Amino acid sequence: MQTVSEHDVIVVGAGPGGATAATALAQQGRDVLLIDRHDFPRDKICGDAISQGCIRIMNELGMASRIEAAVGRGEFHSLHGMRLSGPNGDVLQAAFKRGVNGEESFVAPRIYFDALLQQHALESGAAFLQAEVKEPLLDGNGRVTGVLARENGEVKAYRSSVVIGADGVTSTIMRALRPPEGQHVDKHRAVALRAYIKGIELYPHEVEFFLYDDILPGYAWVFPTGENEANIGLGMRLDRFRDLKKNLKKMLEEFLAMPAIRERTTKGVDLRDVAIWQLSFGSQKKLQHAYDGALLVGDAAGFINPLTGGGIENALISGKLAAETIDQALRTGDISREGLKFYEQQCDEEMWDGMRKSFLYQRILLNYPGFVDFLIRYLGQHGGVAKTFLSKL
């Protein structure tokens with residue numbers, strides 16, 4: 001098959017992890033091709049919460065003015081605090097403190113957030129191709145040497161020294177490289193539903209989490225995207241969801257019928273863009289993220305926090321670490337797994353401790369749901385669960 005182009009790095013998936021990696025590599029002078037099956041802007045199913053850590057990394061990549069402009073356009077809605085409701089109705093309210101450099105947290109629908117990152121990658125020097133990647137290209141020794149992608153109905157070969165798989169939880173690159181026994185198991189996965197709602201009374205600039213018996217170990221949320229609209233949804237660990245034979249849309253109806261929510265929707269609600277997706281947690285041990293000629297980042301690697309379900313900050317962290325590892329590997333000429341597995345060590349150092357603790361808290365929620373009320377009532381902001389939520393938002 002004819003090779004269309006050759007690059008230093010091909011990044012498959014232009015979401016947060018892929019766009020961050022492409023930006024960082026392009027800013028180092030690398031020839032980067034960023035491929036996504038969608039043009040931008042495009043929607044992405046998500047809770048839309050953007051942490052201070054995300055903003056810090058974006059600022060480091062030179063995006064401060066872009067963020068300020070997005071806030072001015074109303075695309076980024078600033079957050080000042082959170083409310084965490086337990087099974088018995090006890091509520092923890094906590095204010096958010098700004099980051100060390102004044103960073104705020106936001107709710108930003110992904111149609112805006114991802115387009116901002118993707119555009120910055122292009123203006124940093126990455127090239128963009130709208131195409132559907134079908135599979136990685138492998139040489140005779142199993143090393144990744146590029147990708148096959150369908151563009152305008154024709155499958156073409158695009159070659160590179162390294163490929164980054166950033167194409168989400170159902171990643172084509174991940175599924176081709178990880179053997180079946182190396183995939184996520186159900187207790188380290190979740191299923192979630194998201195919608196946008198109008199007609200609910202909101203707590204201005206505060207995100208809300210609801211932990212109750214029928215959803216643990218999971219939660220429902222209300223994240224304001226503006227003065228009169230919010231991202232609303234719920235998620236649950238996949239094995240528990242299957243064991244209980246739950247239905248997410250029915251669960252959303254039941255959540256909206258709860259007294260604490262129903263009394264805030266007396267004039268009726270307007271729901272739109274209801275969608276369901278799955279997530280893979282970063283709490284499963286010994287999963288491989290580095291291969292000969294390839295790395296996995298973000299949701300493709302499975303870097304979702306098992307307690308909060310948040311993955312955007314970890315996507316940005318892994319994208320940045322992948323770029324640093326690949327730039328060094330290209331300098332030394334060693335793009336084998338041995339030359340790239342430093343990335344796995346860096347990801348463990350940055351994320352594993354938080355993943356492990358979050359999975360422990362998740363298990364406590366499953367086995368001892370009454371403990372949630374204890375934490376909220378007696379430990380307040382000093383409780384481990386509340387601290388973890390606060391650290392991720």
Side-chain angles (χ1 to χ4, degrees), residues 9-26 32-51 53-55 57-58 61 63 66-67 70 75-76 106-124 126-133 136 147 149 163-175 190 192 194 231 273 275-282 289 294-305 308-323 326 343 347 351 392:
V9 184
I10 290 175
V11 182
V12 182
T20 297
T23 296
L25 285 162
V32 182
L33 177 63
L34 183 59
I35 305 178
D36 199 286
R37 61 194 179 100
H38 296 290
D39 198 4
F40 284 71
R42 58 95 177 97
D43 187 26
K44 172 72 174 175
I45 314 169
C46 183
D48 297 337
I50 310 300
S51 69
C54 293
I55 301 303
I57 294 172
M58 293 166 71
L61 294 172
M63 300 187 66
R66 292 182 182 275
I67 295 168
E75 297 170 356
F76 282 36
F106 297 93
V107 176
R110 296 285 295 277
I111 193 169
Y112 304 126
F113 181 76
D114 288 19
L116 203 72
L117 285 163
Q118 186 255 6
Q119 185 62 35
H120 191 65
L122 303 193
E123 294 191 10
S124 295
F128 180 71
L129 172 68
Q130 183 182 355
E132 181 184 3
V133 171
V147 299
V163 169
I164 296 177
D167 44 341
V169 67
T170 59
S171 169
T172 296
I173 303 301
M174 179 272 290
R175 285 184 283 116
R194 175 225 68 185
N231 180 313
D273 298 335
I276 294 169
W277 82 108
Q278 291 191 9
L279 309 89
S280 297
F281 299 146
H289 312 310
L295 294 178
L296 302 175
V297 306
D299 289 6
F303 289 142
I304 299 291
N305 183 282
T308 67
I312 298 177
E313 181 176 345
N314 288 336
L316 268 62
I317 290 171
S318 62
K320 182 181 176 184
L321 294 176
I326 289 169
Y343 167 73
C347 287
M351 293 181 275
K392 295 300 176 186

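Just the heavy atoms: all of them, side chains too, but no hydrogens, waters or symmetry mates, feed the values below. Computed from a predicted structure; not experimentally measured.
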If the test is side-chain contact (heavy atoms from CB on, under 4.5 Å), which one of I35, D39, L33 qualifies with F128? D39
So does G298 get a backbone contact from the side chain of S318, meaning a donor-acceptor N/O pair under 3.5 Å? yes
Among I57, I50, I55, L321, find the one that has a side-chain contact (heavy atoms from CB on, under 4.5 Å) with L316. I57
For a 4.5 angstrom cut-off between non-hydrogen side-chain atoms, does V163 reach V147? yes
Looking only at heavy atoms, what is the nearest atom pair of A26 and V32, with distance? N-CG2, 3.9 Å
At what distance, to the nearest 0.5 angstrom, does CG of L34 lie from OG of S124? 11.0 Å
Rounded at 0.5 Å granularity, tell me how far CG in L116 sits from CD1 in I111. 13.0 Å
Mind checking ring-ring contact (aromatic ring centres under 6.0 Å, His included) for F303 and listing every partner two or more places apart, or none if nothing turns up? H289
Using 0.5 Å steps for rounding, measure from the OG1 atom of T20 to the CG atom of L25. 11.0 Å
Check I312 against C46 and note the closest heavy-atom contact, atom names and distance. CD1-SG, 3.9 Å
Do the side chains of E123 and R66 get nearer than 4.5 Å, heavy atoms only? yes
Is a side-chain N or O of S171 found less than 3.5 angstrom from the main chain of D167, in a donor-acceptor match? no
Can you name the salt bridge (charged side-chain N to carboxylate O under 4.0 Å, His left out) partners of R175, sequence neighbours left out? none
Could you check whether any side-chain N or O of N305 sits under 3.5 Å from a backbone N or O of G310, counting only pairs where one atom can act as donor and the other as acceptor? no
Shortest non-hydrogen contact from R42 to G15? NH2-CA, 3.9 Å
Check step by step if side chain to side chain contact (heavy atoms under 4.5 Å, CB included) holds for I326 and V9. CA-CA 8 Å; I326 289 169; V9 184; 3.7 Å; yes
Spatial distance of atom CZ (R110) from atom CZ (R194) [nearest 0.5 Å]: 10.0 Å
Would you name the heavy atoms of A166 and V297 that are closest together and state the gap between them? CB-CG2, 3.4 Å
Closest non-hydrogen atom pair between A322 and I164, with its separation: CB-CD1, 4.5 Å
Under a 4.5 Å cut-off applied to non-hydrogen side-chain atoms, are P16 and D114 in contact? yes
Y112, OH atom: more than 12 neighbouring heavy atoms under 6.0 Å: no
Heavy-atom closest contact (F113 atom, M58 atom, distance): CE1-SD, 3.5 Å
E75 CD to F106 CZ distance, which is reported to the nearest 0.5 Å: 12.0 Å
Do D299 and L279 come within less than 4.5 Å of each other through their side chains, counting heavy atoms only? no
How far does OG1 of T23 sit from CG of L61, to the nearest 0.5 angstrom? 6.0 Å
Which is it for M174 and V169 under the side chain to side chain contact (heavy atoms under 4.5 Å, CB included) test, yes or no, and what are the steps along the way? CA-CA 9 Å; M174 179 272 290; V169 67; over 6 Å; no
